[in-house]
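These numbers come from the heavy atoms of this one structure, side chains and all, not from hydrogens, waters or symmetry mates. In what follows, chains carry the letters A, B, and so on, assigned in the order in which the sequence lines appear, proteins first and then strands, with residues in each chain numbered from 1.
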Amino acid sequence: MRFTDGFIPTLREDPAEAEIISHKLMVRAGLLRKVAAGVYSWLPLGLKVLRKVEQIVREEMDRAGGLELLMPALQPAELWETSGRWQAYGDEMMRLTDRHEHSFCLGPTHEELITSIAKELRSYKDLPKCLYQIQMKFRDEIRPRFGVMRSREFLMKDAYSFHADQASLDRTYEAMQSAYSLIVERCGLSFRPVKAAGGLIGGAVSEEFMVLADTGEDVVVYCPDCSYAANLDTAASKWHTAAPDEPLKERVKVHTPEKTSVEEVADSLNISSDRLVKTLIFKTGEKTVAALLPGHKGLNPVKLAGILGVGEVALYEEDDFKARPDLISGFVGPVGLSDAVIIADHSLKTMRNFVVGANVKDYHWRDANVDQDFGVDVWADLVYAEPGELCPECGTGRLEQMRGIEVGHIFQLGVKYSDKLNAKYVDDGGIERPFIMGCYGVGVSRLVAATIEQKHDDRGIIWPASLAPFDIHLLLLSKDEEVKIDADNVYEELSSGYDVIYDDRQVSAGIKFADADLIGMPMQVIIGKKWLETKSAEIKLRATGERFEVEAGDLLKWIKDRRQRD
RNA sequence: CGGGGUGUAGCGCAGUUUGGUCCAGCGCGCCUGCUUUGGGAGCAGGAGGCCGGAGGUUCGAAUCCUCUCACCCCGACCA
C-alpha cells in the first residue's frame with residue numbers, strides 16, 4: 001500500500017494519557033485512538049496486527065482440535081441468574097435494559113452461554129468437544145489503564161471443552177497448554193507458564209501464560225534451578241526451619257499496654273517477630289475466620305480466599321469489631337476464641353512457646369502452644385512466598401521474582417458450571433452426569449500490547465515478522481523523476497510476494513526514516529542516492545539496525561533468502 | 001469507592017497564585033507560495049480555540065465562588 005493512500009496518523013510526541021511504553025507507541029504509531037476510559041478505536045494499522053494475532057490463535061486452536069463458533073456479546077440476565085453469577089459478578093458486569101424492561105449484560109465471559117449450547121451434546125459418544133470463539137468481551141474494570149492492556153472492551157479468544165471423564169479433560173488441557181505456548185512463541189515473545197489461582201472463574205487446576213516485562217501487573221515467582229513457576233498469589237515456598245527442640249512451657253499472661261502491632265509487642269517483650277503468632281480476623285459472609293501466621297510473614301489473601309472457597313476475603317474493620325466485643329482489636333488471639341473458624345499456617349506446627357494476643361485489652365500470652373492452648377480447624381499455606389526462600393518443588397533452588405503480563409489463562413473447571421446449569425450427558429451405563437469442563441482464554445488485544453512492551457527501542461516498535469502489519473517498508477528518498485519511476489516498479493515487484501508499505505510522501509528523508517522506525521516493519525528498503533549511482537537499494541533491518549547494499553536485480557532474491565534465514 | 005491530580009487549537013503545553021496589560025499565547029502539526037531533499041528543512045503568508053459544561057460574583061472572569069461532567073495516577077479486580 002502507498003503511504004499516501006493509507007491512514008497512518010503518526011505523532012511526534014507522547015500522548016499525555018499514556019503511562020507505559022506500549023500504550024505510548026500504539027498511539028504514536030497510529031494503531032490506536034482513545035474513545036473513553038478503557039475504550040479504544042483500532043486504526044487500520046493496529047487492526048492489521050490484531051487480525052494477525054487472531055489468525056495465529058485461530059490456527060493453533062484449530063490444530064489442537066478446537067471448533068470455532070460465535071456467541072452473542074448481548075446476553076439475557078436469566079442465563080446468569082441460573083448460575084448465580086448475575087449477583088456474584090457484581091459491578092464488573094456491564095448491564096443494560098431493553099425497551100421491554102428486560103435485563104441484559106454485555107458478556108464478560110461465556111461459560112453460561114456455552115454451557116447452554118453444550119446441552120446439545122447428549123451422549124458420551126458426542127464427547128469430548130472443544131468450542132471456541134474470538135470476540136469482544138466487556139468488563140467494567142474498576143480502573144482501566146495502560147491502553148488496551150486493561151481495557152473495558154477487549155478482544156478475547158475463549159474456548160470451552162466438555163468431557164466425560166477427567167482423563168479426557170487432562171488430554172485437552174495438555175493440548176491447550178502446548179497450543180498456548182505455540183501461540184506466544186509465534187508472536188516472538190519470551191514467556192513463562194505459571195501456576196495460578198482460579199479466581200472468580202474457578203477451578204482447581206489452572207495456569208497462566210506470562211509474557212515477561214518489567215511493566216507487567218503480575219508478579220511471577222520462579223525457581224532458577226527447576227521448572228517451578230507460579231503467580232505470587234499462589235506461589236509456595238519452603239521457608240520455615242525445623243522446630244527448636246525446646247520443651248513446651250505453660251502459657252503466661254503478660255502486660256503489653258498499647259502494644260498492638262507485631263513490632264511493638266516483639267520489642268516490648270524483647271523477642272524477635274518470628275516468635276510471635278499474629279491473628280488476623282476476616283469476615284466471609286456469615287462466618288468469622290481467624291487466620292494465624294508467624295509475625296514476620298505477610299498473609300496472602302488470595303490463598304485464604306481459595307481455602308475458604310470464596311471470591312475474596314475482607315479484614316475486620318472498626319465496625320466489625322464493635323459487633324464482636326469479645327474480639328479486641330490489636331490483642332486478638334486463638335486462646336479461648338469462640339465462634340470463629342481457626343485457620344493456621346503450616347509453619348505453626350513446628351513453632352513452640354510463641355506469643356499470641358490474649359483477647360483482653362493490653363495483654364498477650366507468651367509461651368502459648370498449639371493443642372495445649374488452642375485447637376486449629378484448618379491447616380493451610382497462608383503466606384506469601386518471598387525471594388530467596390527455597391523452591392517448593394526441587395527444594396534446593398532459591399526462589400526469584402519477575403514481573404509478567406498475563407496473556408492467557410487455562411482452567412480445569414470440573415463440574416462447577418455444568419452442575420449448576422444442569423448441563424448433562426448420558427454415560428455408557430445410561431446414567432446422566434454433568435459434563436467435566438475446561439476453559440481457556442487468550443487476551444488477543446492484550447497480546448498486541450504485550451508484544452510492543454517486549455519489542456521496542458527508543459525509536460519505536462520492532463515488530464516480529466509474524467505480527468508486522470507489512471513485511472516491507474519501502475522508502476523513496478529521491479525527488480528524481482526517473483528514480484521515482486524505478487521505485488514505483490520496485491514497489492510493484494515486491495508486492496507480488498510481500499505486503500509492502502511504500503512511503504511515497506513528499507516529505508523530507510528524516511520524517512520518512514523516523515516514521516519507518518516508529519511503525520516498525522522488520523525490513524526497510526531504501527531507494528535514494530545510491531540508486532542514481534549504482535542502481536542499488538539499501539536494506540535496513542529494524543531489529544538490529546544492520547544495513548546492506550543490494551542491487552536492483554537481486555532485491556527479491558536477497559529478501560527471500562534473508563526472510564528464510566530469520 | 002477512597003486518596004492524589006488534570007481539563008486552554010488536531011497533538012504537547014504556558015497563562016489561573018495576585019481578575020483588566022489576553023476580543024488568549026507558544027512549540028509541533030495543518031493550508032498557500034518559493035527554496036530545500038539520506039535522519040523530524042528554511043523563508044514568507046494563512047487557517048484553526050464560545051479556555052470541559054452550567055450557574056453565580058464583578059464595571060470586567062481562562063483566572064474568584066457553587067454545582068456538574070470527563071480524563072489521568074496510587075489501591076482492590078483480571079485476558
Could you tell me how far apart [X] ([atom1]) and [N] ([atom2]) are, to the nearest whole angstrom?
X         : N      : atom1 : atom2 : result
Phe7(A)   : G10(B) : CZ    : P     : 15 Å
Ile134(A) : A79(B) : CD1   : P     : 17 Å
Ile183(A) : A79(B) : CD1   : C1'   : 12 Å
Arg152(A) : C77(B) : CZ    : C1'   : 14 Å

Pairs under 3.5 Å (N/O, protein and nucleotides 24-28 of chain B):
unit_1 : atom_1 : unit_2   : atom_2 : d
G27(B) : N2     : Glu13(A) : OE1    : 3.1

For nucleotides 72-75 of chain B, which of its nitrogen or oxygen atoms have a protein nitrogen or oxygen under 3.5 Å away, and what is each distance?
unit_1 : atom_1 : unit_2    : atom_2 : d
C74(B) : OP2    : Arg143(A) : NH1    : 2.7
C74(B) : OP2    : Arg143(A) : NH2    : 2.3
C74(B) : O5'    : Arg143(A) : NH2    : 3.4

Base, sugar-phosphate, or nothing: which does [X] touch, judged by heavy atoms less than 4.0 Å apart?
X         : value
Gly528(A) : base
Arg28(A)  : base
Asp14(A)  : sugar-phosphate
Met149(A) : base

- Query: Got a donor-acceptor pair under 3.5 Å from the side chain of Asp91(A) to the base of C1(B)?
  - Reply: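 Result: no qualifying N/O pair found.
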Does the structure show a Watson-Crick or G-U wobble partner for [N], both distances under 3.5 Å? Name it, or say none.
N      : result
G48(B) : none
A9(B)  : none
U36(B) : none
A79(B) : none

Taking salt bridge (charged side-chain N to carboxylate O under 4.0 Å, His left out) as the definition, give me every residue that meets it alongside Lys195(A), ordered by chain and number, with sequence neighbours left out.
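Here the qualifying residues are Glu393(A).
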With sequence neighbours excluded, residues passing salt bridge (charged side-chain N to carboxylate O under 4.0 Å, His left out) with Asp381(A):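 Once residues adjacent in sequence are excluded, the partners of Asp381(A) under the salt bridge (charged side-chain N to carboxylate O under 4.0 Å, His left out) criterion are Lys303(A).
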Between Glu538(A) and Arg547(A) (salt bridge meaning N to carboxylate O under 4.0 Å), is one present in this structure? yes
Is the closest side-chain donor-acceptor distance between [X] and [Y] under 3.5 Å?
X         : Y         : result
Tyr491(A) : Asp504(A) : no
His163(A) : Lys129(A) : no
Asn231(A) : Glu406(A) : no

**Prompt:** Is there aromatic stacking of Phe513(A) against G38(B), centre distance under 5.5 Å, plane angle under 30°?
**Reply:**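 One would not call Phe513(A) stacked on the G38(B) base.
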Polar atom pairs between nucleotides 34-36 of chain B and protein, under 3.5 Å, N or O only, would you list them?
unit_1 : atom_1 : unit_2    : atom_2 : d
U36(B) : O4     : Lys479(A) : NZ     : 3.3

- For Phe154(A), enumerate each residue passing the ring pair (Phe, Tyr, Trp, His ring centres under 6.0 Å) test, keeping only those at least two apart in sequence or located in another chain.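 With sequence neighbours excluded, Phe154(A) shows a ring pair (Phe, Tyr, Trp, His ring centres under 6.0 Å) to no residue whatsoever.
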